[in-house]
**Student:** 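Can you keep this structure in mind? I'll have questions shortly.
In what follows, chains are A, B, ... by sequence order, proteins preceding strands, each numbered from 1.
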Protein chains: 2
Amino acid sequence: MDGLRRDAARNRARILSAAQELIGRGEDLGLNAVARAADVGVGTVYRHFATVEELEEVVVWDRFAELDRMLDEAGPDRFDRILAQHVALLVADPLFEKVTAQPNAVLPETTSRRTALIGRLAEVLAEAQAGGRVRRGVDATAVLLLACGVAHAIRSAQLAPDSAAARALLEVILRGLRP
Amino acid sequence: MDGLRRDAARNRARILSAAQELIGRGEDLGLNAVARAADVGVGTVYRHFATVEELEEVVVWDRFAELDRMLDEAGPDRFDRILAQHVALLVADPLFEKVTAQPNAVLPETTSRRTALIGRLAEVLAEAQAGGRVRRGVDATAVLLLACGVAHAIRSAQLAPDSAAARALLEVILRGLRP
DNA sequence: ATCCTAATCGGATGAGTCATCCGTTTGGAT
DNA sequence: ATCCAAACGGATGACTCATCCGATTAGGAT
């Protein structure tokens with residue numbers, strides 16, 4: 001993002017916001033389509049992002065940041081609440097779920113951001129375990145994957161994120177984590 | 001399958017087995033590719049299956065049958081075992097997981113087979129609840145979705161289905177279902 | 001056995017997407 | 001003001017998709 005010529009930076013930003021737009025509409029990313037939406041040449045998109053995966057990952061960085069903010073803002077005894085919010089985010093954004101679950105990102109930075117996130121989740125988890133609210137013997141990665149799993153199920157079954165059925169699924173996970 | 005001319009039946013079978021083949025190799029189904037692999041005209045594939053989704057669903061019918069067989073063979077106190085086997089199947093076959101989780105199939109028969117399966121799972125669930133091994137208040141659909149969720153997580157994270165990490169995830173679900 | 005026709009086949013083809021390549025433009029250093 | 005490396009953009013060949021229709025075939029009628 002730095003050391004980038006001014007036009008390059010502008011276009012990169014345009015591309016990312018166009019991609020956000022398209023993703024939001026549920027349309028599936030094509031680098032040509034993104035170029036059209038961003039009003040930028042196809043070549044430009046391909047120079048900034050060699051593959052769709054790269055673009056997807058960079059877009060998801062924002063979601064990582066968002067969750068990070070939630071972690072900052074959540075008060076004490078936050079484990080359950082965070083998990084619910086996390087799941088809600090994952091349900092809303094399939095890409096976030098996809099990138100989060102996958103351990104092998106294309107971009108090294110994705111991997112490091114994901115690792116950082118797991119680190120923060122581990123703190124929350126440790127608190128909850130110390131407070132006797134979560135059983136010991138589960139690690140943050142497991143919690144992350146469980147969140148991805150329920151989120152995927154909720155989305156696939158087209159359940160409203162706050163429907164009774166969706167809550168019931170999350171409830172099972174929560175109970176399964178209790179001491 | 002009945003009332004089909006002999007050549008039509010032969011081709012339909014070829015197409016299905018070619019599709020199985022491709023899916024098994026993880027390649028993603030294209031109706032033209034299937035035609036090539038089945039050594040059949042493209043038009044033939046499109047007459048038998050209007051869309052990829054249809055073909056996918058019909059292929060998955062076999063998986064439904066397989067799980068049904070498992071349900072027959074499992075002895076008493078079978079809830080945990082069945083769930084584990086079910087998850088293993090779902091991990092192995094992404095298509096099975098996809099079709100299972102989705103309530104709106106393209107083909108009516110898929111929906112009815114799915115419903116039938118949920119009915120059988122409900123029996124097993126009821127047994128387990130009667131035996132005090134599973135808490136009341138969860139329904140078979142929830143169990144099905146949870147299975148799809150963990151399966152998805154395991155596959156995405158590329159965990160070996162019998163690795164400690166994978167077992168841990170299933171364990172959380174199982175515990176979450178206990179009374 | 002032969003004919004007849006509706007059912008089925010197959011692949012040529014127009015439409016649409018993908019990703020590269022290269023001539024043109026532009027930012028910004030000197 | 002000049003220069004050139006960096007960045008742009010879009011024309012294009014390669015590839016996939018799914019339709020359409022002339023050729024073929026199964027299998028019942030005669």
**Student:** Taking for each residue the nucleotide of DNA chain D with the nearest heavy atom, is it L31(B) or R14(A) whose nucleotide lies nearer the 5' end?
**Tutor:**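 Of the two residues, R14(A) wins.
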
**Student:** Could you give the CD-to-P distance, from E54(B) to dC17(D), as a whole number of Å?
**Tutor:**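 The distance from CD of E54(B) to P of dC17(D) comes to 17 Å, rounded to the nearest Å.
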
**Student:** Within this structure, what is the NE2-to-P distance between H48(A) and dA6(D), rounded to whole angstrom?
**Tutor:**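 Atom-to-atom, H48(A) to dA6(D), this comes out as 14 Å.
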
**Student:** Nearest-Å distance, CZ (F49(B)) to P (dC17(D))?
**Tutor:**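 That distance rounds to 17 Å.
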
**Student:** Sequence neighbours excluded, which residues qualify as ring-ring contact (aromatic ring centres under 6.0 Å, His included) partners of F79(A)?
**Tutor:**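 F79(A) satisfies ring-ring contact (aromatic ring centres under 6.0 Å, His included) with no residue once adjacent residues are dropped.
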
**Student:** Find the distance D39(A):CG to dG10(D):C1' and express it as a whole number of Å.
**Tutor:**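 From D39(A) CG to dG10(D) C1': 13 Å.
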
**Student:** Quick check: closest heavy atoms across P161(B) and V91(B), and the distance to 0.1 Å?
**Tutor:**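 Answer, listing the atom of P161(B) first, then V91(B): CG-CG1, 4.3 Å.
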
**Student:** When you list every nucleotide of DNA chain C with an atom under 4.0 Å from a heavy atom of chain A, which one comes first 5' to 3', and which comes last?
**Tutor:**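 Using the under 4.0 Å cut-off, the span is dC18(C) to dG28(C).
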
**Student:** Specify the separation, in whole Å, of atom CZ of R36(B) and atom C1' of dC17(D).
**Tutor:**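 Distance check: R36(B) CZ to dC17(D) C1' gives 11 Å.
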
**Student:** Whole-Å distance between dG27(D) P and R10(B) CZ?
**Tutor:**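 Computing the R10(B):CZ to dG27(D):P distance gives 11 Å.
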
**Student:** With sequence neighbours left out, write down each residue that passes side-chain hydrogen bond (donor to acceptor under 3.5 Å, both in side chains) with D80(B), or none if nothing qualifies.
**Tutor:**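 Applying side-chain hydrogen bond (donor to acceptor under 3.5 Å, both in side chains) to D80(B) gives R178(B).
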
**Student:** Does L22(A) belong to the same Ile/Leu/Val/Met/Phe/Trp/Tyr cluster as V99(A), with side-chain heavy atoms less than 4.5 Å apart forming each link?
**Tutor:**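 Yes, because L22(A) and V99(A) connect within a single hydrophobic cluster, where side-chain heavy atoms sit under 4.5 Å apart.
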
**Student:** Locate the shortest heavy-atom distance separating R120(B) from D72(B); write the atom from each residue and the value.
**Tutor:**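 Distance-wise, the nearest heavy atoms are NH1-OD1, 2.8 Å.
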
**Student:** Give me each pair satisfying ring-ring contact (aromatic ring centres under 6.0 Å, His included) with a member in residues 30-54 of chain A, each pair once, sequence neighbours excluded.
**Tutor:**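 ring-ring contact (aromatic ring centres under 6.0 Å, His included) check on residues 30-54 of chain A returns no pairs.
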
**Student:** In terms of heavy-atom contacts, does CZ of R25(A) have more than 12 from other residues, nucleotides or ligands at under 6.0 Å?
**Tutor:**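 Yes, the 6.0 Å shell around CZ holds more than 12 heavy atoms from other groups.
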
**Student:** Not counting sequence neighbours, list each pair that qualifies as a salt bridge (Lys or Arg N to Asp or Glu O under 4.0 Å) and has a residue in residues 39-60 of chain B.
**Tutor:**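 Every pair satisfying salt bridge (Lys or Arg N to Asp or Glu O under 4.0 Å) with a residue in residues 39-60 of chain B: E56(B)-K98(B).
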
**Student:** Report, as a single string ordered 5' to 3', how protein heavy atoms within less than 4.0 Å touch nucleotides 20-25 of chain D: B base, S sugar-phosphate only, - not at all.
**Tutor:** B----B

